[in-house]
Protein chains: 4
Amino acid sequence: MADRLQIGIIGAGRIGKIHTDNIARFIPQAQLTGLADIMLTAEQEAWAKALGARLVSKEPGALLSDPEIKAIIVCSSTDTHADLTVAAARAGKHVFCEKPIDLTVPKVKAALDAVKKAGVTLQIGFNRRFDHNFARIREYTLAGEIGDVQLVKITSRDPAPPPPAYVKVSGGIFMDMMIHDFDMARFQAGSEITEVYAAGAVLVDPEIGKAGDVDTAIVTLRFASGAIGVIDNSRKAAYGYDQRVEVFGSRGVAQAENDLPNTVKLSTEKSVTAEKPLYFFLERYKQAFVDEMVSFVDSVRSNKPVAVTGEDGLANMYAALAAQKSLTEKRPVSIEEIKVQS
Amino acid sequence: MADRLQIGIIGAGRIGKIHTDNIARFIPQAQLTGLADIMLTAEQEAWAKALGARLVSKEPGALLSDPEIKAIIVCSSTDTHADLTVAAARAGKHVFCEKPIDLTVPKVKAALDAVKKAGVTLQIGFNRRFDHNFARIREYTLAGEIGDVQLVKITSRDPAPPPPAYVKVSGGIFMDMMIHDFDMARFQAGSEITEVYAAGAVLVDPEIGKAGDVDTAIVTLRFASGAIGVIDNSRKAAYGYDQRVEVFGSRGVAQAENDLPNTVKLSTEKSVTAEKPLYFFLERYKQAFVDEMVSFVDSVRSNKPVAVTGEDGLANMYAALAAQKSLTEKRPVSIEEIKVQS
Amino acid sequence: MADRLQIGIIGAGRIGKIHTDNIARFIPQAQLTGLADIMLTAEQEAWAKALGARLVSKEPGALLSDPEIKAIIVCSSTDTHADLTVAAARAGKHVFCEKPIDLTVPKVKAALDAVKKAGVTLQIGFNRRFDHNFARIREYTLAGEIGDVQLVKITSRDPAPPPPAYVKVSGGIFMDMMIHDFDMARFQAGSEITEVYAAGAVLVDPEIGKAGDVDTAIVTLRFASGAIGVIDNSRKAAYGYDQRVEVFGSRGVAQAENDLPNTVKLSTEKSVTAEKPLYFFLERYKQAFVDEMVSFVDSVRSNKPVAVTGEDGLANMYAALAAQKSLTEKRPVSIEEIKVQS
Amino acid sequence: MADRLQIGIIGAGRIGKIHTDNIARFIPQAQLTGLADIMLTAEQEAWAKALGARLVSKEPGALLSDPEIKAIIVCSSTDTHADLTVAAARAGKHVFCEKPIDLTVPKVKAALDAVKKAGVTLQIGFNRRFDHNFARIREYTLAGEIGDVQLVKITSRDPAPPPPAYVKVSGGIFMDMMIHDFDMARFQAGSEITEVYAAGAVLVDPEIGKAGDVDTAIVTLRFASGAIGVIDNSRKAAYGYDQRVEVFGSRGVAQAENDLPNTVKLSTEKSVTAEKPLYFFLERYKQAFVDEMVSFVDSVRSNKPVAVTGEDGLANMYAALAAQKSLTEKRPVSIEEIKVQS
């Protein structure tokens, strides 16, 4: 493929490895040209080269100044996302940036401005829109099968809580975890969130409470369309990663169940048992990670709008900030209020 | 209801009690007028009278000679079915006879002749045709949803084997247990069985083998329509009563799963568990017992053909005899061969 | 049964008919002694007598003054519930009162006081606690299978909206419809609701909005135990009556799916289809109506605490009033605030 | 990985492409060294080289004589399987041979002899043993969860019939299609088939009948262990590829349902619909194709027994031949009879 999109990846951590591997193995219309990580190990370097990367470096700048690299995947630490997005945009590179763009609104806005000014493409890593189940629900909605969307319900529970140390720097459950669900809610409603009300509790781990966060939350949503919604999160579901979506409309409902490792049912004198859900996001969203990248590459190569824009990233962030404020001030908080203040 | 069908029941054993109770409580278009059991206890008598029976007796003849009783339910011991059917028919009563009519073909034929001569209605107690699941499959087939029937698969497994003493007098697994499935197969195929091949084994209880029977069997069927089918039976399914039917056709397949006591799913760290099937036929076919009787009463009162005829009873018996012969002689056996010989 | 509980029923409308029929046919430990309805028709009278009622009258008082009747079922119009409960209690009768006891707190309190003073038993008709699915979830919780309850989720959607005329006198969606779910939430959480936040919308029928009500609502709950919960209601689910409950705890989750009329799955070239849920509450809660009455009769006869107390009725009412206030004032409302004011 | 197994692939048709692609992309412990196809196109050559193949040729012999290639994957046309297996074995190469080894017993035996003499490893391409569902059932059995295996049921239906021209050279439904299910049956039973009885019919396409074959079949199995089994095949299931297995034992049953493209359920006024099964074997057994090759590579590198031996291939063939004979001669046929004759 003469016109494969040459890609440079910044950050070789958990998510960086996934993107690198996916681009090298599953996306023939892209080429893994470069990889940079400020903590690059010899092992990582060998691995990247074996996958065909020409330029492997500790310097992100090396990728930005390489004329053949047309797109940059930003999966370094969160605090560098905005700056690298700006730098890449200024260098004329298209950008795929992992979520969140930043934890502060001004830096996010600055990044979006830079992207706009540079006229490059920016996609944000809200990969769940590409999940086979959730995408199918949206297709049903768009096909009119459920009529007008009236109610969106999202269950999103992790198999195990992160360490308290992580919780402290995570930005809190709404910014760190539920932000994915805010994106899913907006995606499924086909409408912007206008107001949230958050109820939270510390039920999983008191240490999370000491870190100033909650580990269980229910957030009620209002959408501009008039629809309403609700998301529930828990940092710990004993039975594994619970990721379900239900969209209810005037003509019906579409519901996605969890994915299972196999379909076998065992019936014995004691009970009938089935498998637990796929363990965690790496298993559950394995294909979604590939598909979001395919979508990004396709958007860049065909000069089409991306599936998840920088504005989506910002809107999800507003929802998370509103939820945090709602929890703290024990009242519903409008997105408008957050926008005005930030 | 002035024209309620007055019914007399012969036999107050397990199945007789069910019919009695159903008629008294659930079928307003019928009236429980009499009950007879040659071993009638005082308790049974009190119970029948409390349910409104006017005539409670140790003498079946008392019901047959009662002019107000228009229909007789025969649920006494198997060896009396044919004779009582004949006697009832001669007395001008309509008859609902529990399966089997008899264990020998000549007596069955004699009973059917007597019924024909008397011009009365006869229905046989193959209740599973009235099961909500299996009836729904047939509805789909009749509505053309699955096209032409090509393959019928029936799973029918009991939760626990009967005592070996019972096995000896039961007529064998095909006559005692699979006969229900032969009826279901003919019902679902909408066609007569023409040939069977039986594979059997003693895997549940060696005592059953000593009694000359098998406890596990797979029987392949050919239908006059050209379709084929298969039934599997086991005398013991550790997880409970397993009653499933699948009808496959040129345009699709309809499948019935087991009924469960509730729909609750419990997911824990260990597994995801659901309930086992309803325990046994009294639970699973509770409503089907009512519905077959409603159907009988309705047929008699409206002078309509019954849902399960005496000829059905005979055809099911031929299939059972052929299966037994196939098992013994280790070859496929045609129904014609059985008909000619019996 | 010498000591059958003699029962008088007041009100022969839809729900009164169900209770009458259930008592007469399914509850041998009770006896249908009387029926009263101020609008009694000849047909109703004949029907009640055929079911064995000795005393059929247009005068509720006739039942209250009958010395053999030990318990009264109040299923007349809502505005008479409280007064009849008081009158029955003063007459020394045990009372089963349909929900709601009244639409105003003072009358409810007065009724509970009268019951207390009279020392009689009072059960309120929150029948869903007796549903086979929801009862099973509670059993799992009580058995420790899901650990400590952290989150309760209830979906409760009607197949079709009531006429706007009904909506006007219904007391609103929270008092009329969600009150069942408040009861379920308290039952499943094993804890009292302390605060609610209600989001509502008019999405089904503008006439409902004109009547001053909403037809779609999501209510977030806080429980005294620290757990949180959420209920969603819609007046119209195109696919039928949607009644699901999910209780999530520290060790797992128990979820109840809808009940279906049969288990058949039809697979064709076009799709794989299954049945829609049982149509409405008469079908879905058929057995629960029997079981709540069995439970009441058993409580009275054995002098045991009832499963659903008058205090439950009051607590559910507080939740409904709080939800209404929350919706109106767009803020979370504590139950305490409602208690103090009413 | 210094000791990657260097592999040469013979045959670049549909299945050859899959193996080539899987080895190049998903199996780091193997290396795609060579590819040969007697009809090799320029496009195929470019593709293989892009995947890293060093030796791309029209001559299978070129691979066999290459000293670095240690294993050969035979996926050329069926009539060449046996000869290439012999040649590869004689050249000291380990062999993975697609099913069937040949359509005649003597050639299969000759191939197995050559392999034995050469002391190389041979695995046959019965990939379904590696399917996540079917492998899970076997794990349950081996863990004792279902007790002793008593009954094995396999449903295996294709979404659409092959062209009649293919049917003529296919070896017939038993050798071409059901041979996979014979392997599955032996795998799940953990025991050899000793006798079969085949019932077949032409219900899908009369042209298949004219070609001397059937398109619908039910085959009853007896196993050496005493267990019994049944397989049903159809060349056309309107709803897609239907691949289910059920293993019933003394302590329970394990059942695998079909895999679906997603878990979404759509409920509307009309019905509740779910997705049809994954379309055909490329979709359904995608991962199984990878896993069988991983297993082969692992067996060769670790000098361990393979999961599917040449003897398995021969045993499956005997079952297919017995089924064909049973169908023709309308009687049960023992495997011993086939063995003796062939």
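Letters A, B, ... mirror the listed sequences (proteins, then strands); counts begin at 1. All figures in this text were calculated on a predicted structure; none of them were measured in a lab.
Contact tally against chain A (heavy-atom pairs below 4.5 Å) for C:Ala201, C:Pro332, C:Ala238: the top residue is C:Pro332. When C:Leu151, C:Leu221, C:Thr216 are compared by the number of non-hydrogen pairs under 4.5 Å with chain A, C:Leu151 comes out ahead. Taking C:Gly200, C:Gly147, C:Gly249 one by one and counting their heavy-atom pairs under 4.5 Å with chain A, the maximum is reached by C:Gly200. Top candidate by heavy-atom pairs under 4.5 Å with chain C, chosen from A:Thr155, A:Asp242, A:Val202, is A:Thr155.
Using cut-offs of 30° and 60° on the angle between ring planes, the pair A:Phe182 and A:Phe174 is tilted.
With C:Ser326 contributing its side chain and C:Ala322 its backbone, the two residues share no donor-acceptor pair below 3.5 Å. Although no hydrogens or angles enter the test, the distance criterion places no donor-acceptor pair under 3.5 Å between the side chain of C:Asp176 and the main chain of C:Gly172. Without hydrogens or angle criteria, C:Ser250 side chain to C:Asp148 main chain gives a donor-acceptor distance under 3.5 Å.
Here the rule is side chain to side chain donor-acceptor pair (under 3.5 Å) with C:Asp259, and of C:His132, C:Gln287, C:Lys286, C:Gln243 only C:His132 fits it.
Proximity to chain C is absent for every atom of A:Glu329, based on heavy atoms less than 4.5 angstrom apart.
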